[in-house]
Amino acid sequence: MIVAPSILASDFSNLSDEIIRMDISGADWIHLDVMDGHFVPNLTFGPPVIAAIRQYTDKPFDVHLMIDDPLRYLPEFRKAGADIISFHLEASGDPRKTIDAIRKSGAKPAVAIKPATPAEAVFPYLDGLFMVLVMTVEPGFGGQKFMADMMPKVRALKEKRPDLLVEVDGGINAETARTAALAGVDVCVAGTAVFGAQDAAKAIRGLKDADGEL
Ligand code: DX5
Ligand code: ZN
């Protein structure tokens, strides 16, 4: 299991230390939740903050864009240091154009889907994708409950294209990561479960082991 701690649950007054802490605690990727107050009813941060923390780790930056018109802002996120860029299929704009633009920028393209969006909606785009992000909560806030009924979507995607990475995001802890692993998930995003833990390294290890001896 690839583990991507979401800094949404970190101490924003001390971001550089938080990134370093994740780096040494065994995080595989760093997950960055970008919210615009339009696509989701919450606001977080944008390219300047991502650029500022880029120097504190060499781990891939997994940028989750919860914004309208993602195509318009892509170059700035890439320039800030995004390695993997997920945009929502439900956002405005032509998904194919956005996927092509991400690939041309040198980043790896991913499409994210909200709980109400079926897996089949992504099927036409699978060939060009590095990953699909299946939301296991309504996007916008950390600390929500994992929706286990999203697992059939994971299975459908893995069946359609076994080599495609499938990431889940929302309500992930050691127990729900196990459920995700059983469905075939490759990447777990975790905010509260990692940043809220006494021992982040132990929490990350617990998530990484979720697919042990399946
Ligand atoms: C929700 C974000 C998630 C969130 C996960 O919109 O995309 O990445 O930070 O937080 P937890 O792990 O607390 O559910
Ligand atoms: Zn996210």
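Note: hydrogens, waters and symmetry copies are ignored here, and every other heavy atom, side chains too, is used. Indexing begins at 1, ligand by ligand and atom by atom, following the structure's order. Small disclaimer: the values here were computed from a predicted structure and weren't measured.
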Under 4.0 Å to a heavy atom of His31 - the qualifying atoms of ligand 1, by number: 8 (O)
Backbone N/O of Glu138 and side chain of Gln144: donor-acceptor pair under 3.5 Å: yes
Heavy-atom side-chain proximity of Met35 to Leu8 below 4.5 angstrom: yes
Where ligand 1 meets Asp33 - atom numbers and elements under 4.0 angstrom, heavy-atom basis: 2 (C), 3 (C), 4 (C), 7 (O), 8 (O), 9 (O)
Sum of protein N, O or S atoms, each under 2.8 Å from the Zn ion (ligand 2): 4
Gln55 CD: over 12 foreign heavy atoms closer than 6.0 Å: yes
Per-atom contacts, ligand 1 versus Met66 - under 4.0 Å to a heavy atom: 6 (O), 7 (O)
pair His64-Glu167: side-chain heavy atoms closer than 4.5 Å: no
Test item: Lys208 and Asp28 side chains (from C-beta on) under 4.5 Å apart, heavy atoms: yes
4.5 Å side-chain heavy-atom contact, Phe39 and Glu90: yes
Note, Val132 side chain near Leu126 side chain (heavy atom, < 4.5 Å): yes
Nitrogen or oxygen atoms of Gly143 and ligand 1 under 3.5 Å apart: yes
For His64, the ligand 1 atoms whose distance to one of its heavy atoms is below 4.0 Å: 7 (O)
For atom 9 (O) of ligand 1, the option (of Gly191, Ser6, Gly170, Gly142) bearing the nearest heavy atom: Ser6
Numbering as shown, the atoms of ligand 1 that approach Val189 to under 4.0 Å (heavy-atom distance): 8 (O)
Numbered atoms of ligand 1 (with element) below 4.0 Å of Met35, judged on heavy atoms: 6 (O)
Enumerated ligand 1 atoms positioned under 4.0 Å from heavy atoms of Pro139: 6 (O)
Phe77 vs Ile67 side-chain heavy atoms within contact, under 4.5 Å: yes
Leu65 and Asp36, any side-chain heavy atoms less than 4.5 Å apart: no
Presence of salt bridge, Asp62 and Lys108, under 4.0 angstrom: no
Nearest neighbour in protein (non-hydrogen) for atom 6 (O) of ligand 1: Gly140 N, 2.7 Å
For atom 14 (O) of ligand 1, the protein heavy atom that lies nearest, with its residue and separation: Gly171 N, 2.8 Å
Distance from atom 5 (C) of ligand 1 to nearest protein heavy atom, with residue and atom: Asp169 OD1, 3.5 Å
Any side-chain heavy-atom pair of Leu207 and Met1 under 4.5 Å: no
Per-residue contact class, Thr192 against ligand 1 - non-hydrogen pairs under 4.0 Å: both
Which of the ligand 1 atoms, numbered from 1, are nearer than 4.0 Å to a heavy atom of Ala190: 12 (O)
Any Phe141 heavy atom less than 4.0 Å to ligand 1: yes
Residues Lys79 and Glu76 bridged, charged N to O under 4.0 Å: no
Short side-chain to backbone donor-acceptor contact, Lys153 and Met135, under 3.5 Å: no
